[in-house]
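Position 1 is the first residue of the sequence; numbering continues from there.
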Amino acid sequence: MELSEHIKTANVEDVTLKRPFHPALRGTLCVTSHHLLFSDRKDEASWQLLILLKNIDAVEKRAVGSSGTITIKCKDLLVLQLEIPGMEECLNIASSIEALSSLESVTEMYPFFYRPSHLTLHGPWGLSSTEQYYKQTERLWDRWRVSTVNSDYSVCPSYTSAVIVPREVDDDKLIRSARFRQGGRFPVLSYCHHRNGMVIMRSSQPLTGANKKRCKEDELLLQAVIDGSELGYVIDLRSAQQAQQARMTGGGFESKSCYSHWKRIHRHHERGKVVQESLIKLVEACNDPSHSVDRWLSKLENSKWLSHVHSALSTAGLVVECVERDGHSVLVHGSEGTDNTLLVSTLAQLILDPASRTVTGFLCLLEREWIQAGHPFQQRCAHSAYSHARLKLECPSFLLLLDCVWQVWRQFPLALEFSEALLLRLAQEAYASNYGTFLCNSEQEKCAAGVKENTHCLFQSLSKPDIEEQYLNPLYEPNDLAIWPSVHPQSLQLWTGLFLRWTEYAQNMVEAREEVWSIVKEHREKAGPDRSNNTPSTHCDTLTPFENLMDELTIL
């Protein structure tokens with residue numbers, strides 16, 4: 001079926017558009033295969049609104065006399081209202097939007113048609129690869145190697161084709177270990193600490209089952225990680241009770257008797273439907289202006305969203321303690337190893353690794369730990385907070401990561417080279433994008449659909465100097481030390497830039513932020529390149545050495 005066949009009515013005149021903080025506009029509404037276009041057409045310099053249909057989460061329609069009203073709720077939390085003359089046209093427009101916003105075929109989606117002038121389809125796709133990370137990390141060269149055992153994705157469908165593993169473990173052992181891990185996600189290297197050579201590994205749960213099955217090859221793999229003499233930590237992202245229950249359904253955990261040099265620590269993390277419903281409750285609370293402050297705070301707490309933020313940052317801090325302070329390697333996993341595992345390993349690297357706090361370094365980190373590591377974006381981001389569809393596999397794991405990074409950015413305004421604007425851009429792109437970066441659920445699916453040959457990479461676009469400049473943090477001061485975010489309840493705040501993005505509060509904050517940046521740049525120009533020899537603090541109690549500057553920011 002051609003995409004155009006979904007369009008029952010392509011154009012409607014005299015449509016009234018209502019959107020937050022703007023007067024109502026009357027104009028023409030057009031539906032194309034991938035976009036909803038509204039134009040006021042007052043003169044040659046007419047104002048236009050272009051919405052990617054993939055960004056639409058829910059469509060609500062109602063009759064108003066002989067006309068109709070459509071409420072469009074977007075995945076980036078924007079809510080629009082369209083008043084359409086003629087009920088038939090209203091129903092046709094709504095039907096067209098519903099069909100085209102829920103396309104299932106990847107090759108029919110807009111990234112396969114998007115051709116910006118500043119990018120080309122020729123050349124390498126993406127910013128980094130397993131091989132590049134290995135070459136850049138000299139500490140790995142003696143004891144680790146790049147394995148292509150998964151080159152045809154038969155060993156682990158959700159892993160990338162190349163992985164980093166201990167040098168002494170051959171590919172046959174990796175294959176046997178993969179059979180012992182859920183989804184074939186055997187332990188692979190995620191990060192090597194530049195200070196002491198300790199590593200962070202990630203995997204899925206072992207399939208020990210009720211009969212306590214063993215896999216010698218899996219045990220040898222983990223033994224090779226710690227070189228036989230050290231102690232390693234398994235950070236299991238389930239409660240001890242959940243891990244025990246998993247054995248009854250074929251899952252399990254690393255027992256002390258089989259993995260004698262590994263100490264297991266359980267940290268309970270909610271996942272799947274629970275986290276998705278938490279997002280829905282949070283957005284519902286943020287969109288209801290009728291509550292008193294006490295009632296609103298109660299709804300915010302009941303959503304438990306900040307509890308998930310706390311859990312993620314707290315566990316990442318535990319991983320960092322093991323690696324940085326105690327000098328031990330860590331294996332992180334939950335059940336599948338595609339959500340909370342990636343969340344914790346990414347945050348731990350952001351805290352530990354100064355290279356991950358630059359714009360390019362952060363994008364490379366996301367590429368390695370989420371895109372290449374097999375986070376199922378197409379399943380998890382099928383719907384956002386407004387959809388009336390029955391929940392299936394949706395879960396805002398990536399959005400939760402960005403919220404956690406925002407908490408770090410807010411506590412350490414000097415430590416990250418990028419600004420909140422980059423996090424907001426990524427939050428939007430994950431759900432609806434012109435680029436192919438977040439399409440599909442794995443590298444294997446990307447290859448099968450021809451994503452890399454026929455779409456552009458978002459991260460490559462964002463790393464171009466003229467575009468990257470839009471997302472730079474003018475307060476940034478490079479810092480080689482680990483940063484330790486506070487997880488006390490009073491230290492974690494609602495990400496207003498995202499969840500209150502379309503409210504009057506957020507609009508005022510945008511204006512204030514622009515004024516802040518102009519003050520910062522003015523101070524930097526006056527101070528010159530040698531403005532400070534101070535080393536920034538790695539504790540959130542001392543946020544900046546620019547006391548006079550911060551006085552002015554406080555006034556704002």
Side-chain angles (χ1 to χ4, degrees), residues 191 193-196 200 309-310 312-321 323-325 343-369 400-427 462-463 468-488 490-493 495-498 513 516-517 519-521 523-524 527 529-550 553-554:
Y191 170 72
H193 194 31
H194 60 282
R195 291 189 181 278
N196 57 18
I200 298 174
V309 172
H310 175 274
L313 285 171
S314 177
T315 305
L318 173 62
V319 172
V320 173
E321 277 193 54
V323 173
E324 166 85 358
R325 289 184 175 173
L343 171 63
V344 170
S345 66
T346 303
L347 290 173
Q349 290 177 62
L350 185 76
I351 294 169
L352 279 170
D353 183 18
S356 296
R357 300 177 213 142
T358 65
V359 174
T360 301
F362 181 62
L363 295 177
C364 287
L365 175 63
L366 296 182
E367 192 168 46
R368 289 197 316 272
E369 292 298 289
L400 182 59
L401 167 78
L402 297 177
D403 195 327
C404 292
V405 175
W406 178 81
Q407 303 287 343
V408 175
W409 174 83
R410 189 188 61 80
Q411 292 186 26
F412 299 92
L414 302 181
L416 308 183
E417 188 188 29
F418 50 89
S419 67
E420 179 186 24
L422 179 63
L423 302 178
L424 292 171
R425 173 76 185 272
L426 292 169
L462 292 176
S463 64
E468 180 185 81
E469 187 178 7
Q470 304 170 30
Y471 301 105
L472 293 177
N473 172 15
L475 288 173
Y476 175 61
E477 292 282 355
N479 174 14
D480 289 335
L481 303 177
I483 54 179
W484 298 88
S486 169
V487 294
H488 293 300
Q490 63 269 28
S491 299
L492 302 179
Q493 296 186 9
W495 186 6
T496 53
L498 177 66
R513 196 177 295 119
V516 166
W517 291 160
I519 292 174
V520 170
K521 289 174 182 176
H523 271 266
R524 286 184 179 273
D530 299 323
R531 61 187 176 273
S532 174
N533 292 320
N534 296 334
T535 301
S537 170
T538 58
H539 295 278
C540 58
D541 298 325
T542 311
L543 294 181
T544 174
F546 304 126
E547 295 181 3
N548 295 333
L549 169 59
M550 294 309 291
L553 302 191
T554 304

State which residues pass side chain to side chain donor-acceptor pair (under 3.5 Å) with S463; sequence neighbours excluded, sorted by chain then number. none
Ignoring hydrogens, what is the shortest heavy-atom contact between L462 and R425? Give both atom names and the distance. CD2-NH1, 3.5 Å
Of all heavy-atom pairs linking V344 and A312, the shortest is CG2-O, 4.5 Å
With sequence neighbours left out, the residues meeting ring-ring contact (aromatic ring centres under 6.0 Å, His included) with H310 are none
Kindly say whether I351 contributes a backbone atom to a donor-acceptor pair with the side chain of R357 at under 3.5 angstrom? yes
Between CG of L422 and CZ of F362, what distance do you get to the nearest 0.5 Å? 6.5 Å
Would you check if D403 and L498 make a side-chain contact, meaning some heavy-atom pair closer than 4.5 Å? no
Apply side chain to side chain donor-acceptor pair (under 3.5 Å) to R368 and list each qualifying residue two or more places apart in sequence or on a separate chain. Q349
Scanning both residues in full, the closest heavy-atom pair of L347 with A316 reads CB-CB, 3.6 Å
With sequence neighbours excluded, residues passing salt bridge (charged side-chain N to carboxylate O under 4.0 Å, His left out) with E369: R202
Would the distance check show the side chain of R410 and the main-chain N or O of S491 forming a donor-acceptor pair, the cut-off being under 3.5 Å? yes
When rounded to the nearest 0.5 Å, the distance separating CG of L492 from CH2 of W406 is 9.5 Å
Any heavy-atom pair between the side chains of V405 and F418 that's under 4.5 Å? yes
Value rounded to 0.5 Å, distance of OG1 in T358 from CG in N473: 12.5 Å
Would you mind reporting whether W484 and E321 have side-chain heavy atoms less than 4.5 Å apart? yes
Find the distance between CG (L401) and CG (L350) and round it off to the nearest 0.5 Å. 8.5 Å
Search all heavy atoms of L313 against all heavy atoms of V408 and return the closest pair with its distance. CD2-CG2, 4.1 Å
Euclidean distance, L363 CG relative to S356 OG, rounded to 0.5 Å: 11.0 Å
Donor-acceptor pair, distance only, cut-off 3.5 Å: does the side chain of N479 make one with the backbone of A415? no
Compare every heavy atom of V487 with every heavy atom of S314, then report the nearest pair and how far apart it is. N-CG1, 3.9 Å
Residues passing the side-chain contact (heavy atoms from CB on, under 4.5 Å) test with E468, sequence neighbours excluded, are V359, T360, L472
Answer yes or no: is there a donor N or O on one side and an acceptor on the other, between the side chain of D480 and the main chain of P354, under 3.5 Å? no
Return the minimal non-hydrogen interatomic distance between H194 and L352, and the atom names on each side. CE1-O, 3.7 Å
The reported gap from CH2 in W409 to CD1 in I483 (rounded to nearest 0.5 angstrom) is 13.0 Å
Just jot down the side-chain contact (heavy atoms from CB on, under 4.5 Å) partners of A421, sequence neighbours excluded, or say none. S419, Y471
Could you tell me whether the side chain of W495 reaches within less than 4.5 Å of the side chain of L423, counting heavy atoms only? yes
Return the set of residues passing side chain to side chain donor-acceptor pair (under 3.5 Å) with E324 (not counting sequence neighbours), or none when no residue passes. H193
